[in-house]
Each structure stands twice: as C-alpha cells, then as structure tokens.
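Within every chain, numbering begins at 1; the chains are lettered A, B, ... in the order of the sequence lines, protein sequences first and strands thereafter. Please read these numbers as outputs of a predicted model, since none were measured by experiment.
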Amino acid sequence: MSKQRNPVSIRPLDRAFFARDPRRVARGLLGKILVRRDARKQLAARIVEVEAYLGENDPAAHAFSGRTARNAVLFGPPGHAYVYFIYGNHYCLNVSCQAEGKAGCVLFRALEPLNGLEDMARARGIALDGPKAELKLTSGPGRLAQAFGITRARDNGYDLTSNAGSLWIGDDGYRAPGVRVTRRIGITKASDKPLRYLLEGNRFVSGRKIAA
DNA sequence: ATATCGATTATCT
DNA sequence: GATAATCGATATG
C-alpha cells in the first residue's frame, strides 16, 4: 500500500501565484489547466501559449495610459479575469497579476483541449472531423475565448482562484517539458520584447510562423 | 505553402 | 475619426 494520489485531481492556483511579476506568472501558467464548469458543460484545456503584459511600463499593454473603465480590472487584485473585445469580433482572456495598483497581466493565447471537445466545437461553430479539426478549437486567443464561452459581460472581473467557481485555473501536477520565449504576436508597440511563452513542440500553439 | 484583406465595434483621441 | 493583444476567406506560387 503505497501512498496514492489521484492523477486527475486538479488544485486551483491561489492568489499568491498571481501576485508576482507577469513574466514569472506567464512561465508558471504553462502546463496548467483552464477549467470552465457550469450546469451544462465541463471544459478543460492545458495552457500551452501565453504572453506577459507589464502594465504601465509596457507600451503594448492596455494599462499603459493608466486606469480607464475598460481596464479597471487590471488595477484590482491579482487572479481575476480581464476580458476585452477586439476587432469588432473577438474576446480575449487575461488574468490580472502583481498587486492592486500594479496592472500587470497575462494573455491566454493557446490551449490544448483535454475535456469537453464536443461542447467546444459547438461553441466554435465547427465540426470535429478529425485530429486536424481539434487544432481550430483553442489555438488562438479569440478561438479559445469562443470555445470557453468567455465574454466581457459574463467573465470580466471574475475571480479565477476558486474551484467552486465557473471559471478557474488549476494544477494537475503536469510538468512543462520545454519552454520557448519569443516576441509577442499582433502588436505594434514594443513588439521586440521577448514576452511570449510557449510549450516547445506543442501542436496547439497558435501561428505557424515564429518571430524570434 | 505563404500573403493579403475584409469584417465589425468598443474604446480612446 | 482612427485604431485594435484576431480570424477566416481568398488569392497566388
């Protein structure tokens, strides 16, 4: 009778995990799991690509020009969802970091779907034909938000640190194999800084081409 | 295979 | 009035 640990148990990340520099949080989030649970669905997906945004010190960050109605969550406590709407079409999910008044955050760019793939496909409006279709479920910030039903009205400001909630982030003990760091995607300001973190070789990482 | 482009709206200047 | 932390479709080699 050796000590046994349930391999599928997932522990929520606590507030202290997010109360650090966004670069540390971004690295730490790789390999963790985003969970959506409501009456109808149980969605889970492993975090394979993220970007750090450094608050008021970072020209590419939404918080760069100070607090507004839109980015207020970033100036609040760590571990809360910051959801914004972009290009008239897409929602993107971030988690607030650092501390109250320090508006760092991490953008979720790609996930590897683990559970509830059929529900994700339905939310995305696509068919789950083959292994290739899975790649279109959660590879990209807009795609993963749609797959998880994330909207600003529903999720902005939501506390992501409780596994009693409908949206949270957990650790199942998985250890990230290799982490690669590149420039951030799709931004015009401070685009040279190495603040994008991804799991090396993971096929769910967004964007075929990598800018070093 | 990569490149370019239109969609569509909240937010800020 | 311009812009944007994107996506999917279309064009082209």
Interatomic distance where CD1 belongs to A:I150 and P belongs to C:dT6 [whole Å]
15 Å
Between the side chains of A:Q146 and A:R124, is a donor N or O closer than 3.5 angstrom to an acceptor N or O?
yes
Could you give the NE2-to-P distance, from A:H62 to C:dA4, as a whole number of Å?
10 Å
Does A:R152 put a side-chain nitrogen or oxygen below 4.0 Å from OP1 or OP2 of B:dT11?
yes
For A:F18, does the six-membered ring have the charged nitrogen or CZ of A:R15 within the cation-pi criterion, i.e. under 6.0 angstrom from the centroid and within 45° of the normal?
no
Which is more 5' along DNA chain C, the nucleotide nearest A:K189 or the one nearest A:Q146? Just name the residue.
A:K189
Under 4.0 Å between a side-chain N or O of A:R67 and OP1 or OP2 of B:dC12?
no
Without decimals, in angstroms, what is the distance between A:I126 CD1 and C:dA9 P?
11 Å
Just name whichever nucleotide pairs with C:dA5, Watson-Crick or G-U, keeping both distances under 3.5 Å, else none.
none
Ranking A:T68 and A:N89 by the position along DNA chain B of their nearest nucleotide, the one closer to 5' is A:N89
Modelled atom types, side-chain donor and acceptor of A:S206 and A:R109, under 3.5 Å
yes
Using distance alone, with no hydrogens and no angle criterion, decide if A:N202 and A:E112 have a side-chain donor and acceptor under 3.5 Å apart.
yes
Separation of atom CZ in A:F64 from atom C1' in B:dT13, rounded to whole Å
15 Å
Are any of A:R143's side-chain N or O atoms less than 4.0 Å away from OP1 or OP2 of C:dG8?
yes
So, does A:R109 get its side chain near the phosphate of C:dT6, meaning an N or O under 4.0 Å from OP1 or OP2?
yes
In whole angstroms, how far is the C1' atom of C:dA5 from the CG atom of A:L74?
12 Å
If you check every side-chain atom of A:I187, which of C:dA5, B:dT11, C:dG8 has the closest atom?
C:dA5
Round to a whole Å and report the spacing from CD1 of A:I185 to P of C:dA4.
16 Å
Answer yes or no: is there a side-chain heavy-atom contact under 4.5 Å between A:Y84 and A:C92?
yes
NA contact type, A:R184, heavy-atom cut-off 4.0 Å: base, sugar-phosphate, or nothing?
nothing
Rounding to an integer number of Å, can you tell me how far A:Y91 OH sits from C:dA5 C1'?
16 Å
At under 4.0 Å between heavy atoms, what does A:S65 touch on the DNA or RNA strands: base, sugar-phosphate, or nothing?
nothing
Expressed in angstrom and rounded to an integer, what is the separation of A:R70 atom CZ from B:dA10 atom P?
12 Å
Among C:dT6, C:dG8, C:dA5, the one nearest any side-chain atom of A:N94 is C:dA5
What is the nucleic acid contact for A:G142, judged by heavy atoms within less than 4.0 Å: base, sugar-phosphate only, or nothing?
sugar-phosphate
Pick out which of A:V205, A:T138, A:L198 makes a side-chain contact (heavy atoms from CB on, under 4.5 Å) with A:V48.
A:V205
Heavy atoms under 4.0 Å, any strand shown: does A:Y87 hit a base, just sugar-phosphate, or nothing?
base
